Amino acid sequence: MIRFELDPLPRRRKRVGVYLGVLALAFTLAGALFAAYGVGPLEAYGTLLEGTLGDPQGLAEVLRRTIPLLLIGSGLTLAFRVSFFNIGAEGQLLLGAAAGAAVALFLPASAVSLPLMFLAGAAAGGLWTLPAAWLRARVDVNEILTTLMLNSVAGYLVLYLVSGPWRGEQVQGFTYTDEFPGAARLPLLGDTLVHWPTLVLGVVLAVALQVLLTRTSLGYELRVVGESPRAARYAGMPIPRVVLLTGLLSGGAAGLAGVGEVAGIHYRLLDPSQISLGYGFTAIIVAWLARGHPALVLLTAPLMGLILAGGDLLKISLNMPFRVIDVFSGLMLLCLIAGESLVRYRVRWAR
Amino acid sequence: MMEEFLQALTRALSFGTPLLLASLGALVNERAGVVNLGVEGMMAVGALAAFGVASETEAPGAAVCLAMAVGALAALLHGFVTLTLRANAYVSGLALAMLGLGVAGLLGKRYEGAILFEPAPELPFTVAAGALAVVLWGFLHATRPGLVLRSVGENPAAADVLGVNVMAVRYLAVAFGGALAGLAGAFLSLAYRPAWTDGMTAGLGWIAVALVIFVGWSPLRAVLGAVFFGLLYYLQFRLQDQSQVPTELFAAMPYLLVVVVLALAGLRRTQGSAPAALGRPYHRGER
Amino acid sequence: METSPPLLRLSNITRSFPGVLANDRVSVDFHAGEVHALLGENGAGKTTLMNILYGLHAPDSGELLFEGRPVRVGSPAQALRLGIALVPQHPLLVERHTVAENLALGLRDGLLLTRRRLLAKLRERLADHPLQVDLEARVESLSAGQKQRLEILRALLQGARVLILDEPTSVLTPQEVAPLFQQLAQLKAQGMAILFISHKLDEVLSHADRITVLRAGRKVGELSAREATHEQLVRLMLGREAVPRPRLAPAQPGVRLEVTNLEVRSDRGLPAVRGASFTLAPGEILGIAGVAGSGQGELVEALAGLRPFRGQARLEGEPLEGLSPAQLFARGVAHVPEERRAGTVPAMSVAENLALRTFRTALRRGPWLDRERMERQATELIQAYQIATPGPRAPLRLLSGGNIQRAVLARELAGAPRLLIAVHPTYGVDVGATEQVHRLLIQRAREGMSVLLVTEDLDELFALSHRVAALYQGALRGPWPAGEVDFERLGRMMTQAAEGAA
């Protein structure tokens with residue numbers, strides 16, 4: 001029989017050891033699945049590392065994937081700290097992208113185009129969480145299901161826009177909008193696809209949310225609501241308002257990421273599956289790894305960026321389906337939450 | 001008119017069958033106090049397993065059995081992480097959904113687009129699902145194991161002191177939930193649409209989870225709920241052919257409906273009939 | 001009786017938890033046909049010993065002998081098979097199921113269990129039991145005393161020979177206590193070994209045959225109840241003479257709190273407090289008693305700003321209606337909630353917990369939280385209230401119950417409140433903390449603070465209050481000066497519909 005005893009104060013070394021251990025387990029299990037698919041795990045991981053860390057173009061690809069993860073991940077880290085399990089970042093990103101595209105396409109291009117796009121994107125992404133946040137705050141409906149469902153709805157909404165009313169005039173047969181004017185395009189780093197203003201925005205957001213949580217009285221309120229709703233009620237904190245605010249902030253962050261993708265890479269609104277490679281889901285792992293500290297996203301986002309870029313490589317060079325990413329995500333998430341328990345408890349083999 | 005009605009009903013029943021199967025499974029594990037959001041993933045691996053066996057061996061019975069076994073196995077993984085390791089059940093279920101979809105997509109690539117030349121009939125599945133709902137109702141309310149299961153979901157500590165092995169009951173219930181999700185998957189890939197395409201579960205697993213809440217954890221009402229959703233699907237297809245409304249709106253409808261259903265359940269407070277210990281890990285001697 | 005071999009023997013039981021030695025080489029014998037009381041203050045190790053008997057914890061060393069044979073009790077189910085049953089302080093019943101279903105859960109026979117068959121079977125088996133219960137009632141509709149009877153009945157149906165009762169009178173009204181002990185005497189006569197755990201000297205002295213006293217994890221005495229005296233037990237329990245409480249000072253003239261026709265609804269929307277009216281003077285302690293679910297929770301929540309109400313509540317003339325808990329605290333209303341978990345955040349630091357009332361006011365600089373000041377303030381409170389903690393940054397969950405309660409009181413009293421609403425302020429805390437809480441309440445009242453004290457512990461209620469009142473099904477009876485009513489009468493007020501103003 002396995003017995004578990006609470007470990008009141010786990011040591012840092014144990015913490016780090018367990019997390020490294022479970023990540024290794026996740027990669028091993030994923031490797032076994034690759035073998036079952038017919039690709040040697042060593043070959044797969046070799047391709048993955050060589051093509052990303054091994055060459056400058058690959059590194060740039062990793063960095064490019066890191067940008068949306070940084071933004072969404074820091075928002076989700078905040079949300080998870082408040083115990084608001086926002087699984088809908090994918091849809092919030094798409095809404096942000098759509099709002100940004102609307103500004104780029106339908107407002108006159110000017111020097112304020114880009115800031116306006118980011119503002120509109122953040123607003124749209126934030127508002128898209130409101131139904132779920134409101135239902136959670138007012139009638140206690142589990143937000144995991146509702147935010148997840150709104151992802152699909154957002155996907156179909158964007159699909160409708162690009163194949164219907166917003167469909168470009170110069171595109172024949174394709175489902176996307178016209179290209180954005182120059183003023184609505186983000187500058188890139190050299191000849192890479194790294195749209196650096198969004199990167200800077202992500203770094204600033206991660207740090208800002210960290211400061212918000214730990215240094216301000218609003219952050220204190222957020223932490224109390226997340227840790228103990230009863231204590232929050234006792235102290236007279238407006239719990240529904242805090243939950244709505246959390247939804248707005250995390251959804252807004254995802255919306256910013258959406259604007260970054262369309263204004264930095266595609267220069268148009270297009271099919272949802274091409275705008276996002278599941279950034280909203282991968283960012284859940286980024287946030288879970290960051291353990292409630294938005295600043296730690298600066299480390300965890302690049303890690304998952306590496307995996308996303310690597311998954312792309314596996315697809316191209318080893319002819320594997322894009323679902324590889326889901327395998328990685330699912331395994332890592334399972335192993336991470338299992339690891340969390342292993343940290344919290346001492347495992348004993350009882351006779 | 002009559003013909004039209006009959007057609008609507010048959011289509012609704014056939015849409016409703018996988019929903020009913022999966023939500024009866026989820027209902028049982030929730031009555032034992034375990035939340036498993038991973039139905040979509042278990043359904044996907046079940047569908048792939050069934051299709052794989054059926055296309056290699058042409059033995060539909062074996063295909064169904066393997067699908068259920070694979071679903072149960074996937075559920076047991078969730079059980080280990082949440083029951084033994086006591087991790088967050090909601091996140092674990094989400095991870096299981098991702099993993100199941102991922103594994104099915106990865107290992108199913110060799111069958112992508114393949115079709116089954118001898119599809120299984122739909123009717124046996126539908127009849128089985130309906131009968132199961134009645135049997136489960138009887139099981140829960142008129143047998144000792146049913147009482148044990150309900151007690152574990154309401155107050156595991158009370159069951160434990162009377163010698164009920166809470167862990168075992170919960171593991172069994174989770175495995176049952178997985179097996180039924182696998183069966184629902186088998187229905188999809190063997191009978192409903194006898195072919196394999198990645199993502200063929202199309203969100204049905206999520207709807208099944210929401211349905212359990214909507215019907216207030218009652219197996220008999222689950223039948224009505226499944227038929228109701230089945231009718232909506234049917235209407236969606238019918239209207240899609242006739243109207244000017246964009247197809248994307250129809251495609252998004254089931255997902256919107258889940259949100260609406262959850263909102264209604266919340267407003268009507270059927271959540272009050274949730275098993276009292278739902279989603280809470282139990283370990284002896286801890287409060 | 002002394003010569004017969006014990007039915008159950010604990011021999012040199014030791015059990016430690018991180019940081020505490022809960023049981024230190026404890027040996028006790030339990031005989032059939034005997035009522036044995038385990039006496040000790042909170043934290044003396046009674047609960048651990050009981051949990052070991054019942055298979056919830058394994059001892060680190062030492063052994064259990066049942067009828068002379070060494071046994072290992074690895075789970076409550078094993079204990080039950082041996083014939084050891086526990087009636088816990090808080091009932092372990094499935095609230096939403098019927099009495100019959102709860103009883104059936106323990107019976108091993110029969111696969112098919114329709115309602116009718118179940119009832120027939122139970123009626124047959126219960127025919128010769130004097131305890132009658134309504135088999136078809138839902139457990140959630142039973143009173144605490146009825147639930148306790150149900151637990152005892154279930155233990156008997158399981159064939160228990162050793163019955164352990166954990167603080168059995170803590171949930172009962174004075175009127176329910178006598179029947180309980182009568183029933184236990186009957187079971188004793190039938191040859192059962194009965195063990196009850198208590199910290200109340202009087203009931204131990206009058207109802208037990210033997211008394212074992214625990215202090216700080218050790219057995220410090222075992223005596224026959226006939227020979228034991230009150231003073232002797234106090235000395236054994238505390239290891240010293242009891243510290244006399246400071247005396248209550250008379251209340252001051254004037255009205256601090258005036259409540260008129262207060263109506264409060266429960267979570268289900270049913271009337272929970274019906275037309276309660278009372279006043280509270282500066283420096284006065286008003287004690288309110290009531291069995292669980294009589295509306296005291298709703299009354300407290302209404303006055304603490306956690307629940308809307310109708311009618312009037314005025315603090316020195318100022319209406320309290322519609323004010324949030326934070327606004328109320330700023331006006332001098334402090335609140336020690338019923339459950340410590342409701343007023344604390346275990347995962348956050350001691351300093352952060354002490355800031356729960358002031359993070360938005362005294363500790364705020366613009367949008368920023370003044371962490372330096374927060375920690376300085378915490379250090380001061382930790383010293384002033386003798387909170388034992390590794391430091392202000394330690395997570396609160398590492399502290400003992402008594403120290404968490406000290407922290408809650410420190411935080412609530414820090415703002416020099418005019419009114420303190422305190423619910424069960426000494427529930428589950430050790431002797432030292434209990435004495436400190438009592439001293440603090442009396443001292444602060446002497447300095448002019450008014451206290452609304454809600455507790456089920458009538459000893460505490462009478463010891464601390466100037467006036468007492470009872471809640472019965474949402475109606476307030478009283479208040480009367482504490483000298484004019486006794487235990488019995490207050491007990492009747494808490495439970496009987498007809499009593500009125502008798």
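Remember, it's a predicted structure, so these values are computed and weren't measured experimentally. The figures here come from the full heavy-atom set of this structure, side chains too, leaving out hydrogens, waters and symmetry mates. Each chain gets a letter, A, B and so on, in the order its sequence line appears, and its residues count up from 1.
In this view, Glu40(B) and Thr201(B) satisfy the side-chain hydrogen bond (donor to acceptor under 3.5 Å, both in side chains) rule, not counting sequence neighbours. Legend: residues meeting side-chain hydrogen bond (donor to acceptor under 3.5 Å, both in side chains) with Tyr90(B), ordered by chain and number and at least two apart, are absent.
Contacts between Gln158(C) and chain B at a heavy-atom distance below 4.5 Å involve the side chain alone, from C-beta outward. Interface residue Leu93(C): only backbone heavy atoms are found under 4.5 Å from chain B. Neither the backbone nor the side chain of Ala277(B) comes within less than 4.5 Å of any heavy atom in chain C.
Chain C is approached within less than 4.5 Å, heavy atom to heavy atom, by Leu162(B), Gly163(B), Val164(B) from residues 162-170 of chain B, ordered by number. Residues of residues 138-157 of chain B placed with any heavy atom under 4.5 Å of a heavy atom in chain C are listed by number as His141(B), Ala142(B), Thr143(B), Arg144(B), Pro145(B), Leu147(B), Val148(B), Arg150(B), Ser151(B), Glu154(B), Asn155(B), Ala157(B).
Annotation: maximal heavy-atom pairing with chain B below 4.5 Å, among His97(C), Glu95(C), Arg117(C), Arg115(C), occurs at His97(C). Taking chain B as the reference chain and counting heavy-atom pairs below 4.5 Å, the highest number among Leu86(C), Leu107(C), Asn102(C) is found for Leu107(C).
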